[in-house]
Amino acid sequence: MLTKIKTATLMGVDGYPVTVETDLHNGMPGLNIVGLADMTIRESCQRIKPAIMNCGFRFPRERVTVNLVPAGKPKEGSHFDLPIALGIMMLGQENKELNDTAFLGEVSLDGTINPIRGALPLAICLRTAGVKNLVLPAANACEAAILKDINILPVSRLMEAAEYAMGTRVIAPYTGEEKRHEKKHEIDYAQVIGQESTKRAIMIGAAGNHGILMMGGPGCGKTMMAKRLPTILPELTYDEKLEITGIYSVAGLLSEKQPLISERPFRSPHHTITATGLIGGGGRPRPGELSLAHRGVLFLDELGEFESKAIDAMRQPIEDGIVHITRNFQDVIFPAQVMLVIAANPCKCGNLWDDRKLCTCTHQQLESHRRKLMGPFADRIDMHIKVGRVPKEQLTARGSGPCMSSAQMRDIVSAAREVQRLRYAGTGYTDNGTLDDHGIKRFCKLDENCSQLMNRAYDKLGLTLRGYNKILKMARTIADINGGEEIREEHIAEALLYRVDLEE
Ligand SMILES: [Zn+2]
C-alpha cells in the first residue's frame with residue numbers, strides 16, 4: 001500500500017533530493033508528517049485535504065503517515081504540497097513507474113498549482129540525481145527549462161499531475177525556447193563624457209578584478225559610472241548564468257518575465273539596509289545583497305552613511321567570497337564573489353576638492369571620515385580614484401576628444417582577463433586582484449629600474465607594505481592590458497595614480 005514520490009528541498013542555494021513515503025494505518029483518522037518537516041510542510045495538511053476532495057478524490061478515513069526521507073535532514077517549502085498530495089491520491093491506485101519522475105508544487109484549496117521559490121536549484125539537484133521528468137508549476141517552467149537534459153512538464157491543476165502520475169494523461173514537455181534577453185545594454189560608457197581618465201581607471205579595475213573606492217564631491221557622476229561597470233565585464237558562461245539564476249530563484253526574485261539572469265548583476269543597496277539584508281539570513285535563510293551581486297558588482301554609495309554593524313557583517317564574507325550562516329546546527333553557504341565599488345565624498349561636507357566652495361570640516365572630522373572609508377575593506381580595495389567634476393565646456397563640446405564606449409572597453413577587459421586565466425591556470429589564483437603576498441612575489445617581478453622606482457615611491461609616499469603590494473597588483477593589470485609580459489616603469493607610474501590619499 002506504500003507509495004513513494006520523488007521531490008527535493010533547498011539548503012541555502014543548493015537542493016537535495018527527498019522521497020515522500022506515504023502509508024495507511026488503522027487508527028484515528030488524520031495526517032501525520034514526519035522527517036524534520038518545517039512549519040510550511042506541516043501546514044500543508046490543511047491545504048491538501050480540501051484540494052484532494054475538490055478534485056473528486058476520496059481522502060482516506062484511516063490514519064495517513066507521510067515520511068520524508070532522508071529523515072535526518074531538515075525540509076522546507078510549500079512545494080511539498082504536490083508530492084504529498086499525490087502520495088495520498090495514489091494509495092490503492094494503479095500507478096505507472098515513477099522512478100525517474102519528480103514533483104514540485106504548492107497546491108491551493110481548489111486544486112490550483114501555484115508557483116514556487118527555488119525551482120531552478122531544485123531542478124538541478126534532481127537532474128544530478130538521475131531524474132528524467134520534472135512535474136512543476138507552469139509558472140516555473142521557463143525558469144527550469146534552461147536546463148538541457150531534463151524534461152520539464154508544466155501543470156496548473158492538481159488533477160493534471162494526478163492523471164499523469166496514474167498514467168492516464170500525457171504532458172508535453174515545455175519547449176518555449178529560452179527567452180532571449182539579448183537586449184542591448186541601454187546604458188553605455190559612451191554616454192559618460194569628459195571622464196576618460198576615470199573610465200580608464202574603472203576599466204583597469206574591471207580587468208584585474210580590483211576593488212575600487214571612488215571619491216568625489218556630489219554630482220560628479222560616481223553612480224553613473226559605477227552603474228555601467230557590468231557593461232564592460234566579460235559575458236557570463238552558461239554555468240555562471242545557472243548559478244546566478246539559482247540564487248535569484250531562492251530569493252524569490254524571478255518572474256515569468258525574467259526567468260533567467262543572463263547578465264552580470266549590479267546591486268546598489270541603500271545605506272539604511274540591515275546587516276541581514278546585506279549578507280542574508282532569516283528563519284529560512286535567503287540570500288542577501290552580497291549574494292545577489294555574486295559575479296557582478298556590489299556598489300556601496302556613500303559608505304560613510306552605512307551602519308557600522310552592517311559594514312562589520314560584510315567584512316569577512318567579502319574577504320572570503322562566501323556568506324556562511326549557521327541555523328539549527330545546519331551550515332548554509334551562499335556564494336558572494338563580488339567586485340566591490342565604493343563611492344564616497346572626499347570629506348564630511350563634500351567640498352574638500354571643490355575650488356569654488358569652502359570645506360568646513362575640522363582636521364578631526366577629515367581624519368575620522370578617512371578612517372571610516374579606508375578601514376573596513378582595506379584588503380579588498382586596491383584602487384583609490386578621484387573623480388572630478390566635468391567642466392561645462394567639455395559637457396557641451398561632444399567629440400572634443402576620444403570617448404571610449406562600453407564595447408571598446410569590454411574588448412580590452414576580456415583580453416586582459418584571458419591573459420590572466422592562462423597565466424593562473426592551475427595555480428589557485430584567478431585574477432590579479434586576488435593575488436596574495438606569495439602570488440605577488442611570483443607573478444609581479446620587477447627589473448632593476450622598476451625596483452628603484454618602487455623604492456623611491458615607498459619612501460616618498462610613505463607606503464605601507466600593503467599599499468606597496470597593491471601598486472604591484474595594479475601594475476600587473478596595466479601591463480596585461482598593454483600586452484606586456486614584463487611590468488615596466490610606465491605601468492608602475494600609472495598604478496601610482498590610483499592611490500589618491502584623502503589628505504591631499
Ligand atoms: Zn569638508
Side-chain angles (χ1 to χ4, degrees), residues 195 197-198 201-202 205 210-226 268-279 289-290 298-319 338 340-391 456-471 473-474 495-504:
Q195 292 279 21
S197 58
T198 308
I202 287 174
H210 303 285
I212 301 175
L213 170 62
M214 274 197 274
M215 287 172 295
C220 65
K222 289 169 289 187
T223 306
M224 182 185 185
M225 277 183 277
S268 170
H270 190 256
H271 60 75
T272 52
I273 192 168
T274 62
T276 308
L278 277 169
I279 66 163
E289 289 292 333
L290 230 56
L298 180 70
F299 178 56
L300 303 176
D301 197 5
E302 286 313 331
L303 183 70
E305 308 281 321
F306 281 73
E307 284 201 33
S308 34
K309 214 176 130 194
I311 291 175
D312 283 344
M314 271 189 291
R315 203 184 313 225
Q316 200 59 44
I318 284 184
E319 203 62 43
V338 299
L340 186 60
V341 181
I342 291 172
N345 279 324
C347 67
K348 203 164 183 328
C349 79
N351 296 339
L352 184 63
W353 293 334
D354 198 324
D355 301 335
R356 301 157 308 157
K357 292 178 193 154
L358 193 66
C359 171
T360 55
C361 303
T362 65
H363 181 73
Q364 264 173 333
Q365 281 173 321
L366 286 178
E367 190 49 37
S368 92
H369 185 77
R370 197 189 73 90
R371 264 201 313 271
K372 208 164 177 189
L373 293 188
M374 302 299 189
F377 306 113
D379 281 321
R380 286 293 289 127
I381 299 287
D382 291 340
M383 308 182 79
H384 300 168
I385 58 181
K386 182 173 175 176
V387 186
R389 189 189 281 276
V390 182
R456 282 199 301 278
Y458 188 81
D459 294 334
K460 197 173 158 220
L461 302 171
L463 292 178
T464 59
L465 181 61
R466 182 155 68 191
Y468 183 93
N469 280 339
K470 284 179 180 181
I471 288 165
K473 286 197 277 179
M474 286 189 277
L496 285 167
L497 296 175
Y498 307 131
R499 57 164 308 283
V500 172
D501 216 347
L502 280 173
E503 286 120 322
E504 274 182 49

So, using side chain to side chain donor-acceptor pair (under 3.5 Å) as the criterion, who are the partners of [X] when residues are at least two apart?
{"X": "T223", "value": "D301"}
{"X": "R456", "value": "none"}
{"X": "H271", "value": "none"}

Write down the atom of [X], the atom of [Y], and the distance for their closest heavy-atom approach.
{"X": "G216", "Y": "K222", "result": "O-NZ, 2.6 Å"}
{"X": "P218", "Y": "G350", "result": "CD-O, 3.9 Å"}
{"X": "C349", "Y": "C361", "result": "N-SG, 3.3 Å"}
{"X": "I273", "Y": "A310", "result": "O-CB, 4.1 Å"}
{"X": "C347", "Y": "C359", "result": "SG-SG, 3.8 Å"}

Whether [X] side chain and [Y] backbone form a donor-acceptor pair below 3.5 Å:
{"X": "Q365", "Y": "T362", "result": "yes"}
{"X": "H369", "Y": "N345", "result": "yes"}
{"X": "Q195", "Y": "C220", "result": "yes"}

Look up atom [atom1] in [X] and atom [atom2] in [Y], then write down how far apart they are to the nearest 0.5 Å.
{"X": "K460", "Y": "L496", "atom1": "NZ", "atom2": "CG", "value": "9.5 Å"}
{"X": "Y458", "Y": "I471", "atom1": "OH", "atom2": "CD1", "value": "11.0 Å"}
{"X": "I311", "Y": "M314", "atom1": "CD1", "atom2": "CE", "value": "5.5 Å"}
{"X": "L461", "Y": "R499", "atom1": "CG", "atom2": "CZ", "value": "5.0 Å"}
{"X": "E367", "Y": "Q364", "atom1": "CD", "atom2": "CD", "value": "9.5 Å"}

Check whether any side-chain heavy atom of [X] lies under 4.5 Å from a side-chain heavy atom of [Y], and answer yes or no.
{"X": "M214", "Y": "V341", "value": "yes"}
{"X": "I342", "Y": "I212", "value": "no"}
{"X": "E307", "Y": "T274", "value": "no"}
{"X": "F377", "Y": "L300", "value": "yes"}
{"X": "N469", "Y": "R466", "value": "no"}
{"X": "M215", "Y": "L213", "value": "yes"}
{"X": "N351", "Y": "L358", "value": "no"}
{"X": "P269", "Y": "L298", "value": "yes"}

Point to revise | D312 and R315 ion-paired at < 4.0 Å | key: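 Result for this pair is yes, salt bridge flagged.
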Review point. For the side chain to side chain contact (heavy atoms under 4.5 Å, CB included) test, which of K473, K470, R380 pairs with H210?
Key: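 In the set K473, K470, R380, the residue that makes a side chain to side chain contact (heavy atoms under 4.5 Å, CB included) with H210 is K473.
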